[in-house]
Every structure is written in structure tokens, then in C-alpha cells.
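What follows is a single structure, written as C-alpha cells, with notes after it.
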There are 2 protein chains.
Amino acid sequence: MGIRVVPAAALNHASDEKIGALTDIVGFHIRLAHVAVYRHFTETFSDLGLTQKQVSVLWLVDDRPGIAQIDVGQHLQMDRATTMTIVNRLQAREYIRRERSEIDGRKQALYLTDDGRMALDKAKTCISQHEAWLKGRFTPAEIEKLVEMLSRIHE
Amino acid sequence: MGIRVVPAAALNHASDEKIGALTDIVGFHIRLAHVAVYRHFTETFSDLGLTQKQVSVLWLVDDRPGIAQIDVGQHLQMDRATTMTIVNRLQAREYIRRERSEIDGRKQALYLTDDGRMALDKAKTCISQHEAWLKGRFTPAEIEKLVEMLSRIHE
DNA sequence: GCGTAATCGTTAGTGGAGCATACAATCCCG
DNA sequence: CGGGATTGTATGCTCCACTAACGATTACGC
């Protein structure tokens, strides 16, 4: 995330040759794919009123009850402030409960409420539909390859 | 992925359709990859002060001078209102010029200013570095496959 | 132990982006 | 010519990401 050695190829590319079409840019396709997925997601979830991030947080807290906010952020690639706003929203809807950690007084331990668990259950069935829509484009082998390649990007 | 201390909850949502870990969700990986790319992008572009969207619009307008806003939005998967705000920002910085289309009075024809063209040139060299950072993870064949699969999602 | 550094949560502010709605101008077609 | 569709615009809302600061707590070095 900090300084990075730029391969010579990139410098050559930048100096002599013009970059071709916008569609040659890998990052461009990732963004478009994300937008398409995001759009379909919000359609599927229009009645639940939950976003990708919010569901991810619910899911994670359900998996690891008592997880601290900082760890939620780390798993979902968010900073502390962003995690705060999302947890705030979920707490306002009484899907999540905050408790001061007994082990480490700096941390908040997060737990799902019963409402939160019900919302997550509904969300998971919606996600099934959403994933089916997405996976329908690929063979199982392709899905595996895609996930593996995407993982290489986000480490 | 760690210890699961909630077999009860797990049994609950196992009832309809069994969804495993969050990391099994393809959409989840797409979002994480997008966040990682977005983050690196903004770092690379911190001094230029341009976002992905803004560069995409500049690029597109340069490729097709006189393009209408509605067509920009269509190519980049944005609605009219969103396109507006981005073009507004670029116009405020005098990177883009609006002209009423002579062919269709409803449309605005968009053109790059000289400043806009210089900014785009700078942006393209930055993108070279950014793409090198991204492509460094893959073989050429993998890149081709990745782009093809992502296109299946957003096309 | 004690003081300093690091960590975590919190608050406040900034900015980009997406969406819905409403309205005016313009075009197209019957 | 007139009604419906298209395009740009304005307004307002939500969400997400980041920064900077602060207090509380913990961890570390001596």
C-alpha cells in the first residue's frame, strides 16, 4: 500500500506508447463489474433495506460473536470511521448490540440481537438468489478461478 | 476462518439453503477487489485529484468528441443525474466544455479543453503504473480470462 | 512500577457517488 | 399540429471512504 517499484514495462508504456482504449484497462472492468453486482444486489435487497456492507457486517458478527469493531473493519477492508457508521446504523435498527470487552477495555464486543439474526437469515436467502444470478454466467471451474484471481487482488 | 462458537445460529440458517462462509460469496470477492483497486487508484492519483469516474469520463470524451452526456452515462453505467455531477465537477475545473448539439437540441456535446487534455495525459501515465501494479499478479493469459469473465458480468 | 507509545472507539467534517423525482426544452411520429 | 419520448437540469436523500482530532485503555521499555 505504500511505495512500490514500478516495472520498467510500465514506464516504457507511459513514455513512448499511448494507452489504447479504455476497455483495455483491467481496473475499468473490475469497476464496471462491481457496479453491475452492486446494482443487482440493491434490487434484490430493496425490501430488506440492507446494503452489501451492512449484510457483511451482520454475517461477520454472527460468525464471530464478540468481535471488535477494528477486526470487523480489517476483515471487510474498512477503516475504523467507516466501520463506526455502519455499526451505528445497525445498532440504531437494533440488529447489533455493543458491549465493552472484558478482556480489552478499549474494544467493543459486538453481538447480534434476535432481530439482527432474523434479518441476517432473510438476507442470506436473498444472497442465494443474488449469487445464482451471478454464478449463472460461469462454470464451477470458472467460478473457482475467478474467486482465486480476485483474491490475489485483495490479498 | 477461525472458531465458530454459534452452532445454534448456524443451524437456523441452514434450514432453507445452506450458505457457508462469507468468503464463499463471489460478489463479496468482487467488492473486496474493487475496494483494493479503488484504494490503490486514489493513492496513485492523490496529486492529480481525479477519481476513477472522472478519468473515465475524460477518456471517453477524448475518444469521442462531441459525445452527449446520456451516452457517457450509458458507456460507464451511470444514470443521467450521476453523470451530471461528474461533468459539473470537470467543467468547474475547466477540463470539459459543454456545447449545445446542433444536431439534437436536447443534447449537450462534450469536448475536452486543453487543460483537460493535459490532465488526461498525466492520468494515463498514472494509469500505466496502476495497471502494472494490478497486472503484476497475473500472466497475460490470466488477464485475458479475467477481463473476459468480468465482461460477462457487466455486459 | 512508571511514563511513553500504541491501540481502539468516537466525533466531526469533507467529498464522491448513486438514486428518485420533478420540470423544462427539444425531438419524433402519427 | 399535438402528444409522447428523450435529454439535461435541479433538488434532496442515502451510503461509503477518508482525515483529523480526542479520550480512554492497554502494552512496552526502562
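Order of the sequence lines fixes the chain letters, A, B, ..., with proteins taken first and strands second; residue numbering starts at 1 for each chain.
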[X] [atom1] to [N] [atom2], straight-line distance once rounded to whole Å:
X	N	atom1	atom2	result
B/D104	C/dA24	CG	P	20 Å
A/I86	C/dT10	CD1	P	14 Å
A/F41	C/dG18	CZ	P	17 Å
B/R106	C/dT26	CZ	P	11 Å
B/Q69	D/dT9	CD	P	5 Å
A/Q74	C/dT7	CD	C1'	12 Å
B/I67	D/dT7	CD1	P	12 Å
B/L90	C/dA17	CG	P	9 Å

Tell me whether the side-chain N/O atoms of [X] come closer than 4.0 Å to OP1 or OP2 in [N].
X	N	answer
B/T42	D/dC18	no
B/T51	C/dA17	yes
B/R89	C/dG16	yes
B/Q108	D/dT9	yes
B/R80	C/dG18	no
A/K107	D/dT26	no

Among D/dA10, D/dC18, D/dA17, the one nearest B/V35 by side-chain distance: D/dA17
Candidates C/dC8, D/dG8, C/dA17 - which lies nearest the side chain of B/M84: D/dG8
With a 4.0 Å cut-off on N to O distance, would you call [X] and [Y] a salt bridge?
X	Y	answer
B/R97	B/E99	yes
A/R117	A/D114	yes
B/E142	A/R152	yes

Earlier contact from the 5' end, DNA chain D, for B/Y38 and B/R98: B/R98
Most 5' of B/R100 and B/T85 on DNA chain D, judged by nearest nucleotide: B/R100
Mutual orientation of the aromatic rings belonging to A/H40 and A/W133 [parallel < 30°, tilted 30-60°, perpendicular > 60°]: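 Ring orientation of A/H40 relative to A/W133: parallel.
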Sugar-phosphate only, base, or nothing, as touched by A/T82 at under 4.0 Å among non-hydrogen atoms: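 The answer is base, as A/T82 lies within the cut-off (heavy atoms under 4.0 Å) of a base atom.
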Sugar-phosphate, base or nothing in reach of B/D79, heavy atoms under 4.0 Å: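 Since a base atom lies under 4.0 Å of B/D79, the category is base.
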Side chain to side chain donor-acceptor pair (under 3.5 Å) between B/R31 and A/S56, worked out: CA-CA 11 Å; B/R31 198 165 56 64; A/S56 297; 3.1 Å; yes
